[in-house]
Trainee: 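Quick one: structure below, then a few questions.
Small disclaimer: the values here were computed from a predicted structure and weren't measured. Order of the sequence lines sets the chain letters (A, B, ...), proteins ahead of strands, with each chain counted from 1. Atoms considered below: every heavy atom in the structure, side chains included; atoms not considered: hydrogens, waters and symmetry mates.
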Amino acid sequence: MGSGTPWKLPKARAKGSPYFSRNQISKVLHQVGVLLELNGANPFRTRSYFNGSRTISNLNDDLGDIINTGKLTELKGIGKGLGSSIRRAVLDGEWVEDWIELFESTPNGLIEMLGIPNLGPKRIKLLNEKLGISNIAELQISCEKHEIEELDGFGKKSQQKIIDGIQLLKRFNARRRLDIGLLYGNALKNLIGNIDHVEKIELAGSARRRKESIGDLDLVVGAEIKFHETISNSILSLPGIADVKGAGGSKISVILDTSIFENKFNLGNIDDGVLEAIGGDEYEKMEASGTIDAQIRLVSLNMFPFTLAYFTGSKEHNIRMRQRALDRGLKLNEFGLIPLDKIENKVGIEAAKYSLEAKSEKDIYKMLDLPYIVPELREDLGEIEEGEKNNLPELVTSNSLLGAFHNHTTLSDGEATLEQMSDAARKLNWKYLGISDHSQSLKIANGLSPQELIAQGDIIKKYNSEWKQSNTNFRVFHGVESDILENGKLDYKNEILETLDYVVASVHAIRKWKNRDEAENTEDLFNAIENKYTTMLGHPTGRIIQGREGYEVDMHAIIRRMGELNQEGIFKAIEINASPYRLDLDWRLCKFAKMCGVPISINPDAHDISGLKDVKFGTYIARKGWLEKSDIINTKDSIEVMELFSKRG
DNA sequence: GCCGTTTTCGGCCCGACTGTTTTCAGTCG
């Protein structure tokens, strides 16, 4: 949820009811929850707002319809209070007084302060009341004047932690992208895995769940207890550890820097537009001197599966699992799964002696009457309910991919030629590659004139026939990444589009789209997808992770419409842009797309040879979004792809 | 604020760690 941009209650839509969209309601509920926290409200009350927000954002049906049919308060987590507030907003265009008051009375700076690690709502409130601090800049000054350490409940260490936290927040927005997290995480995992007597090691936390961004790294290490001390010492002397924040018997907390990597830290080629959004050259320098926090838990082998499950999360999934354990007279924690009647008032490690045994996480799920749930799905977004029905999806894997669409060459803004890209694709064992350079309006990316596009098509035809003659099972599909222009128009005349195998339609005029409201943007996207020649929608929201939020758009409505078109036999797909900077379509919407029958294309948006490999991040997101092989276009062979692309209606 | 119900209010997941205390509050996951 947007840091930087001030929080405001959105204005009612001028056209009338529904005055607010599902996205707006969900966002406001979340924000009210945060504001309540900052005002010291009952934590269970604030949780209700967060739960309500989640419920609304995960709706499959139209919010307006749900309200009109009187079913709003039938939703889990929406009771009388939230129900009537939401109703009033959507039907009458009015926010309840309490919320208006909250938004007006809470300084936006306090919300930003929440981003500082180890500083939560209670202490922010205290700082505000005692010292009048209402933003990060004032907090920094107060720290420098040593005012914080004088406060009751604070001390020198708290003050220093706040200073460090501000620094971290400034550098990386306190979170890191998944690709960066995995780079560091896997490097550390390999190093620890090579230490004597380490029998098991896994990356846990949000990196294991493949969230698009992660806070810090969690690793769980399993070894016999008698070796723990020597292992712990070995870990502390590994390369790449810039600082040790704490080292107890079972938990080691460190800061890693880029010296953990054997080779020089290199981010590879970043698309210019993306680089601009995340801070340009400064960003690259920052990463090169970057750090990341890591927590390592050292446990006995019998505890390993429980600790791994616990630190993999998510928090919401864990809550459900613990409740499930309680329903069965068991207590689930990081140490074990323990029958309640055995432990009386023992807690923690003492109680864990009575734990049931588990060889792996699979056993834990089994003891709670569930099939194994893969880490990607552990978000409490239906995986427990579907697991109960033995109805979990068989998720797509990277090696099911036979090719990819949406790739660039030197003809527009890529770094590799058509020939080099094709060679690289064949080395990945792909059977085809889609080339879609930028279209003419995108001057900054050297967009192709109609003549250039047609000439490119001729070259591709020539190669395809050569491959065919030499019995090489490979072909190039000729496409274009057409800019979406005014009113959702595409960037070439129909006669030109007609000659292509496919069209990826994408928005690039981000500034303009971010200055318009949800309804206008949605309208233009409707027009774009309804264009006969649009095959798939590229990076549908334009977000850059850690860089900028996407433009406002009712993506549910877009996806629903695309689903209808597919029903009518017209092929319309949506991409998961696999660049780790984008990962757009968001995983939270993948399941909905699947439900609506909209095919997904995992697109690397490669600008050079190495960019093709980014499909692995797209696959992570597809898996996180419940997608199976059959939901993904680029698992189909080239003949099937050709048939699908030709269904233009 | 939601939920469930012994239908009107009590419980809402749970433990570790940290830094501040001298028994605990805040934060995190």
Trainee: Of the listed nucleotides (B:dA16, B:dC28, B:dT18), which one gets closest to any side-chain atom of A:Glu334?
Mentor: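 Per side-chain heavy atoms of A:Glu334, the pick is B:dA16.
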Trainee: Has the side chain of A:Ser360 got a donor or acceptor atom that lies under 3.5 Å from a matching backbone atom of A:Lys362?
Mentor: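 Yes, because the side chain of A:Ser360 sits within donor-acceptor range (under 3.5 Å) of the backbone of A:Lys362.
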Trainee: Report which part of the nucleic acid A:Leu119 touches: base, sugar-phosphate, or nothing (heavy-atom distance under 4.0 Å, all strands).
Mentor: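 Answer is sugar-phosphate: A:Leu119 comes under 4.0 Å of backbone atoms only.
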Trainee: Applying a 4.0 Å non-hydrogen cut-off, can you work out what A:Leu126 is touching in the nucleic acid: base, sugar-phosphate, or nothing?
Mentor: nothing
Trainee: Determine, for A:Arg378 against A:Glu361, whether the closest basic-nitrogen to carboxylate-oxygen distance falls under 4.0 angstrom.
Mentor: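 Yes, this pair counts.
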Trainee: Mind checking the C1' distance from B:dG10 to B:dT5? Whole angstroms is fine.
Mentor: 11 Å
Trainee: Looking at A:Arg209, A:Lys189, A:Arg297, which one forms a salt bridge (Lys or Arg N to Asp or Glu O under 4.0 Å) with A:Asp218?
Mentor: A:Arg297
Trainee: Base, sugar-phosphate alone, or nothing: which one does A:Pro121 contact when heavy atoms must sit under 4.0 Å apart?
Mentor: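 Sugar-phosphate, backbone atoms only, no base.
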Trainee: Looking only at the side chain of A:Lys251 (C-beta and beyond, no hydrogens), which of the listed nucleotides B:dT20, B:dC2, B:dC17 gets closest?
Mentor: B:dC17
Trainee: Could you tell me whether the side chain of A:Thr73 and the main chain of A:Lys80 form a donor-acceptor pair under 3.5 Å?
Mentor: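 Checked: no pair found.
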Trainee: Heavy atoms under 4.0 Å, any strand shown: does A:Phe154 hit a base, just sugar-phosphate, or nothing?
Mentor: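 Sugar-phosphate only.
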Trainee: On DNA chain B, check which nucleotide each of A:Lys122 and A:Asp98 is closest to and give me the residue with the more 5' one.
Mentor: A:Asp98
Trainee: Under a 90° cut-off about 0 for the syn range, is B:dT18 syn or anti?
Mentor: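 Here the answer is anti: the torsion falls beyond 90° from 0.
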Trainee: Is a donor on one side and an acceptor on the other found under 3.5 Å between the side chain of A:Ser142 and the backbone of A:Ile148?
Mentor: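 A pair under 3.5 Å: no.
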Trainee: When all nucleic acid strands are considered with a 4.0 Å heavy-atom cut-off, which category describes A:Lys157: base, sugar-phosphate, or nothing?
Mentor: sugar-phosphate
Trainee: Is A:Asp584 salt-bridged to A:Arg543, cutoff N-O under 4.0 Å?
Mentor: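 Looking at A:Asp584 and A:Arg543, the cut-off is not met.
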Trainee: Quantified in whole Å, what is the P atom distance between nucleotide B:dT21 and nucleotide B:dG26?
Mentor: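 Here B:dT21 and B:dG26 have their P atoms 13 Å from each other.
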Trainee: Taking the P atom in each of B:dT20 and B:dT27, what is the distance between them to the nearest angstrom?
Mentor: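 Those two atoms are separated by 13 Å.
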Trainee: Between A:Arg320 (side chain) and A:Glu316 (backbone), is there a donor-acceptor pair under 3.5 Å?
Mentor: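 Here the side-chain-to-backbone pair does not exist.
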Trainee: Does A:Arg123 put a side-chain nitrogen or oxygen below 4.0 Å from OP1 or OP2 of B:dA25?
Mentor: no
Trainee: Quick one: look up who B:dT8 pairs with, Watson-Crick or G-U, both distances under 3.5 Å, and put none if it's unpaired.
Mentor: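 Paired with B:dT8, as far as the under-3.5 Å criterion goes, is no nucleotide at all.
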Trainee: For A:Ser158 and B:dT20, is the shortest distance between a side-chain N/O and OP1 or OP2 below 4.0 Å?
Mentor: yes
Trainee: Is it the case that atom CZ in A:Arg13 sees more than 12 heavy atoms from other parts of the structure closer than 6.0 Å?
Mentor: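 It does: A:Arg13 CZ has more than 12 such atoms within range.
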Trainee: Considering only atom C1', compute the distance from B:dG15 to B:dT7 and round it to an integer number of Å.
Mentor: 34 Å
Trainee: Can you check the A:Asp218 CG to B:dC17 P distance for me, whole Å?
Mentor: 13 Å
Trainee: In whole Å, I'd like the distance from the OH atom of A:Tyr310 to the C1' atom of B:dA16.
Mentor: 7 Å
Trainee: In whole angstrom, give the distance that lies between atom CD of A:Glu149 and atom P of B:dT20.
Mentor: 9 Å
Trainee: Please state the P separation for the pair B:dC9 and B:dA16 - nearest whole angstrom.
Mentor: 36 Å
Trainee: Could you tell me whether A:Lys125 contacts a base, only the sugar-phosphate backbone, or nothing, with contacts defined as non-hydrogen atoms closer than 4.0 Å?
Mentor: nothing
Trainee: Could you check whether A:Gly313 gets within reach of a base, just the sugar-phosphate, or nothing at all, counting any heavy atom under 4.0 Å?
Mentor: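 No contact at all - A:Gly313 keeps every heavy atom at 4.0 Å or more from the nucleic acid.
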Trainee: In terms of the nearest nucleotide of DNA chain B, which residue is placed more toward the 5' end: A:Ile124 or A:Leu326?
Mentor: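 This one resolves to A:Leu326.
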Trainee: Which listed nucleotide (B:dG19, B:dA16, B:dG1) is nearest to the side chain of A:Phe335?
Mentor: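 Closest nucleotide to the A:Phe335 side chain: B:dA16.
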Trainee: For the pair made of CD in A:Gln295 and C1' in B:dC28, what is the distance, rounded to whole Å?
Mentor: 9 Å
Trainee: Please state the C1' separation for the pair B:dG1 and B:dT8 - nearest whole angstrom.
Mentor: 15 Å
Trainee: Examine distances only and state if a side-chain atom of A:Glu379 and a backbone atom of A:Leu377 form a donor-acceptor pair shorter than 3.5 Å.
Mentor: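 No; zero donor-acceptor contacts below 3.5 Å.
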Trainee: Identify all pairs in which a protein N or O lies below 3.5 Å from an N or O of nucleotides 6-12 of chain B, and state each distance.
Mentor:
| residue | atom | partner | partner atom | Å |
| --- | --- | --- | --- | --- |
| B:dC12 | O3' | A:Arg47 | NH2 | 3.4 |

Trainee: Please determine, for the side chain of A:Lys161, which listed nucleotide (B:dG19, B:dG1, B:dG29) has the closest atom?
Mentor: B:dG19
Trainee: Expressed as a whole number of Å, how far does the P atom of B:dC17 sit from that of B:dG11?
Mentor: 28 Å
Trainee: Can you find a side chain N or O atom of A:Lys76 that sits less than 4.0 Å from OP1 or OP2 on B:dC3?
Mentor: no
